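Everything quoted here is computed from the prediction, not taken from an experiment. Reckoned from all heavy atoms, side chains included, excluding hydrogens, waters and symmetry mates.
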Number of protein chains: 2
Amino acid sequence: MKGHRRRPRLRLSATRIAQFAAGDRPPIGEVTVLPSLRGKGGEGVAQRQAIGRTTPPSRKRLSPPPGRRATLRDIAGALGLSVAAVSRALNGHPDVSPTTRRRVLEVARQLNYRPNAAAKTLVTHRSRLIGVYFLGQERARFSHPFASEVVDGLLEGLATAGYDLLVFGDGLYDGGAPSFMDLAAHRQIDGAVFLGLRTDDPRWGELARLPFPLVTIDVPVEGERAVSVGCDHIEGARLMARHLAALGHRRIAMINGHRWAPVSWERLTGFTAGLRQVGLEWEEACLVEGDFTEASGYQGAVELLRRRPRPTAIFAASDLMALGVLRAAREMGIAVPEELSVGGYDDISDAARASPPLTTVHQPRRQLGVAAAQSVVGLIERGHDGIPSRVLLRPELVVRASTGPAPSSSP
Amino acid sequence: MKGHRRRPRLRLSATRIAQFAAGDRPPIGEVTVLPSLRGKGGEGVAQRQAIGRTTPPSRKRLSPPPGRRATLRDIAGALGLSVAAVSRALNGHPDVSPTTRRRVLEVARQLNYRPNAAAKTLVTHRSRLIGVYFLGQERARFSHPFASEVVDGLLEGLATAGYDLLVFGDGLYDGGAPSFMDLAAHRQIDGAVFLGLRTDDPRWGELARLPFPLVTIDVPVEGERAVSVGCDHIEGARLMARHLAALGHRRIAMINGHRWAPVSWERLTGFTAGLRQVGLEWEEACLVEGDFTEASGYQGAVELLRRRPRPTAIFAASDLMALGVLRAAREMGIAVPEELSVGGYDDISDAARASPPLTTVHQPRRQLGVAAAQSVVGLIERGHDGIPSRVLLRPELVVRASTGPAPSSSP
DNA sequence: TTGAAAGCGATACCAC
DNA sequence: GTGGTATCGCTTTCAA
């Protein structure tokens with residue numbers, strides 16, 4: 001491996017931009033490569049010394065070293081200081097004279113200095129990198145309607161705190177599910193966020209030994225170095241139950257998610273509790289188990305809608321499944337909401353645009369991500385003191401056209 | 001900074017899992033922290049020597065050093081080799097004896113050795129990190145319907161090649177748009193992918209000086225170290241034009257994206273060319289400029305639908321805008337497709353579920369991402385030889401219910 | 001084929 | 001306050 005780098009040069013033709021702005025044609029950037037090689041080894045040292053000699057601690061305007069980025073040594077050399085002093089000045093240590101700090105900062109700016117994360121990581125054992133694990137989704141990671149917005153919030157929260165995000169995920173690597181630790185070890189991540197973790201994941205035991213803080217979304221985990229962030233799904237499902245009951249429905253069915261997701265248990269619990277609160281009985285027979293996907297919602301609906309007497313309302317534990325229910329109803333010629341009310345969960349963007357628009361339980365997905373970010377960062381930087389071990393955000397019922405009064409007579 | 005690390009320990013109660021599987025209650029992981037500190041400094045050296053002494057080159061079963069990850073020195077010590085030899089063996093250099101390599105690999109496995117990316121990056125100046133820049137989207141990054149799936153493909157392609165993905169984006173950092181280089185310099189990324197780059201971005205000139213290969217999505221850029229990946233939008237828009245014309249439409253309007261996106265020019269060009277091919281005239285008056293958002297599509301539609309004679313078909317250069325058109329038509333009491341045909345572009349997931357389902361031009365988004373990944377990696381590892389400077393994927397017309405025969409009489 | 005040693009760029013300890 | 005220096009884990013000459 002050579003370690004050398006070409007430095008490309010791009011010239012964007014301003015005329016072309018102007019032309020395109022005038023609706024004429026699109027701009028084309030032109031990139032040409034100049035053969036200047038990246039300096040290394042002895043050459044680099046020579047350059048550094050040259051900088052030290054030609055620029056004594058004076059007011060001369062400095063410019064970045066050619067062919068490579070400025071380092072602490074460059075700043076130290078230009079100022080006649082030691083790298084140690086420069087490092088302290090740059091990192092805000094108290095034991096630097098104000099004058100020195102000022103001069104260091106100024107030269108750093110002039111040389112366009114940027115700290116080298118790799119070097120920093122090597123010596124501090126801290127990378128300022130957070131790993132996000134997308135679990136149980138073969139292909140849809142960022143394009144998963146629920147996960148994507150959580151990750152958006154996560155990214156925002158982490159950027160604010162000065163952390164970067166690294167993505168891991170099932171199905172991305174050869175040879176089945178790789179160990180969490182293997183993925184993490186290479187990049188020395190400081191913390192991790194888990195999305196879609198199932199309780200039957202063979203690697204559950206591994207979470208044990210992760211040498212960094214972790215946050216799970218929607219999966220309760222107890223411990224000093226772990227935080228779980230999620231919505232209060234018991235409450236969310238309860239809201240839906242009361243809404244349907246208030247509309248006069250009595251034969252209410254539910255299509256739940258799979259049993260390996262803690263949220264399934266929570267939503268079922270909340271839903272049945274809600275029905276019970278208004279004096280309705282819940283029968284096990286009204287429950288069908290899906291897996292959160294559209295297809296499973298469709299299937300579950302077909303099964304439920306063939307029963308006699310037919311349920312007048314179906315609560316699906318995810319919007320995707322609820323969309324499947326709508327499709328099944330449409331195909332079976334059952335009018336929504338006249339003959340059947342349908343409730344979903346998540347409030348994904350498709351929900352509002354479905355026909356009819358879906359009544360659902362809104363989850364503040366972006367805030368979930370932000371909360372997750374704050375939790376990992378808090379755990380990393382301040383330890384578990386003052387960091388809640390569990391963060392529960394409030395879900396909200398969104399009533400749209402897919403639910404309506406119970407039909408007076410049953411088919 | 002101490003550099004010390006606690007090692008957490010988590011015990012997952014197996015009974016609880018079983019109970020939950022039985023529908024009883026959800027599993028709770030229990031994490032407890034043991035006070036064993038991470039070794040460093042002198043301590044670490046002592047451990048290493050101990051390993052070297054207690055395990056001479058024998059067949060003894062080795063285990064990872066306690067409290068820290070194994071390093072090359074551990075392997076070397078256990079085998080009585082030099083770190084240099086171990087490094088060469090692990091990296092597949094030819095100048096190692098087969099026996100040595102075998103033994104090194106075996107010990108590495110036993111010690112659960114993982115290379116340290118930071119150390120490697122520091123010396124090789126290669127990080128195996130690719131930066132993806134989300135531009136021009138304040139909040140929706142991963143949750144943007146177009147971008148998310150491209151990034152999914154990108155991630156997949158990169159993982160296959162052994163690269164990781166780092167995310168940058170506008171609005172993530174304080175103080176306005178930061179320089180591309182500033183973001184990249186810190187982490188020493190090996191290459192970059194740009195999404196949503198506008199031709200009026202003040203940082204265009206900066207692309208010039210990026211010291212690594214770059215790929216733009218949907219923005220043509222020429223140069224040895226740059227590749228642009230996208231769809232053939234001229235062709236895509238042409239397909240839509242011919243489809244609408246074939247349905248008998250004569251008064252056809254278009255809502256384009258903003259002029260700072262090269263795709264806008266391409267789609268307009270293709271659309272007018274398509275109309276011309278079938279003998280239709282294109283009037284500038286039929287063009288409204290939006291900005292790809294739903295709101296701008298709505299506005300544009302309101303404007304167009306107030307005109308007399310009213311257009312009988314509208315082509316929106318993005319599905320989001322087309323959804324806005326549908327909303328406008330609905331509010332204005334104009335039936336789609338009976339009185340107005342609507343075409344979109346992108347085939348986002350909402351398109352198929354819209355009512356009526358949207359006729360649109362499908363873009364293979366995931367493949368776009370995969371192609372981008374292959375391009376950056378190719379550029380990095382093999383230089384520009386044999387790497388196409390531009391990759392154009394084929395779009396596809398998807399006909400759904402939002403387009404239909406032109407109404408015989410005009411309102 | 002292997003080993004010794006010089007860094008890569010930064011931090012932190014210990015003197016002064 | 002400041003400087004010298006060992007060190008993080010690894011790659012890469014250069015000798016042996």
Side-chain angles (χ1 to χ4, degrees), chain A residues 1-4 38-45 48 65 68-77 79-101 103-104 108 113-128 185-188, chain B residues 1-5 38-45 48 65 68-77 79-101 103-104 108 113-127 185-188:
Chain A
M1 197 171 296
K2 279 289 183 294
H4 286 219
R38 185 185 193 286
K40 63 164 286 216
E43 187 202 333
V45 173
R48 258 177 247 126
R68 61 182 181 79
R69 287 169 39 216
T71 69
L72 284 193
R73 286 189 61 166
D74 295 320
I75 302 178
L79 246 28
L81 280 172
S82 71
V83 288
V86 175
S87 170
R88 283 184 295 243
L90 253 19
N91 288 290
H93 289 218
D95 52 353
V96 220
S97 78
T99 340
T100 305
R101 188 188 312 279
R103 292 169 63 213
V104 167
Y113 170 80
R114 302 281 166 247
N116 181 320
K120 222 164 185 156
T121 299
L122 188 55
V123 61
T124 59
H125 302 283
R126 307 264 278 83
S127 61
R128 295 196 86 84
H186 182 228
R187 295 289 183 186
Q188 319 246 100
Chain B
M1 197 172 294
K2 279 292 183 292
H4 285 218
R5 277 282 186 78
R38 185 185 193 286
K40 63 161 284 213
E43 187 200 337
V45 173
R48 259 177 246 126
R68 59 181 182 79
R69 287 168 40 215
T71 69
L72 284 193
R73 286 189 60 163
D74 296 321
I75 302 179
L79 245 28
L81 279 173
S82 71
V83 288
V86 174
S87 169
R88 283 185 293 244
L90 253 18
N91 287 291
H93 289 217
D95 53 351
V96 228
S97 79
T99 341
T100 306
R101 188 189 310 279
R103 293 168 64 214
V104 167
Y113 170 79
R114 302 281 167 246
N116 180 318
K120 225 165 182 155
T121 299
L122 188 55
V123 60
T124 60
H125 302 283
R126 306 264 278 82
S127 61
H186 183 228
R187 295 290 183 186
Q188 318 246 102

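- When rounded to the nearest whole Å, the span between CD1 of A:I75 and P of C:dG9 equals 13 Å.
- The shortest distance between the side-chain N/O atoms of A:T100 and the OP1/OP2 oxygens of D:dG1 is not below 4.0 Å.
- For B:T71 and D:dG9, the shortest distance from a side-chain N or O to OP1 or OP2 is not below 4.0 Å.
- In this structure, OG in A:S87 is found 12.0 Å from CG in A:L81, a value given to the nearest 0.5 Å.
- Checked against C:dC8, C:dA5, D:dG1, the side chain of A:D95 finds its nearest nucleotide in D:dG1.
- Note: B:Y113 OH to B:T71 OG1 = 7.5 Å, rounded to the nearest 0.5 Å.
- Within the 4.5 Å cutoff, the side chain of A:T121 has no heavy atoms near those of the B:T121 side chain.
- At the heavy-atom level, A:N116 lies under 4.0 Å from the strands shown only through sugar-phosphate atoms.
- Contact annotation: A:S82 does not reach the phosphate of D:dG4 (side-chain N/O to OP1 or OP2, under 4.0 Å).
- Between the side chains of A:Q188 and A:R126, no donor-acceptor pair is found at a separation under 3.5 Å.
- Taking only distance into account, the side chain of A:R101 never meets the base of D:dG1 through a donor-acceptor pair shorter than 3.5 Å.
- One cannot find a donor-acceptor pair under 3.5 Å joining the base of C:dG9 and the side-chain atoms of A:R114.
- In this structure, A:K120 reaches the C:dT11 phosphate: one of its side-chain N or O atoms is under 4.0 Å from OP1 or OP2.
- Residue A:S97 is classed as a sugar-phosphate contact, given heavy-atom separations below 4.0 Å to backbone atoms only.
- When each of B:A119 and B:R88 is assigned the nucleotide of DNA chain C bearing its nearest heavy atom, the one mapping closer to the 5' terminus is B:R88.
- Among the heavy atoms of the strands lying under 4.0 Å from A:A85 are primed sugar atoms or P, OP1, OP2 only; no base atom is included.
- For B:L72, the side-chain atoms get nearest to D:dT11 when compared with the rest of C:dT1, D:dT11, C:dG9.
- Atom CZ of A:R73 is separated from atom C1' of C:dT11 by 15 Å (rounded to the nearest Å).
- Look at B:R68 and B:D74 and you find a salt bridge, because one of the NZ, NE, NH1 or NH2 atoms lies within 4.0 Å of a carboxylate O, short of that distance.
- Of the listed nucleotides (D:dT5, D:dG9, C:dA10), C:dA10 has the atom at the smallest distance from the side chain of A:V123.
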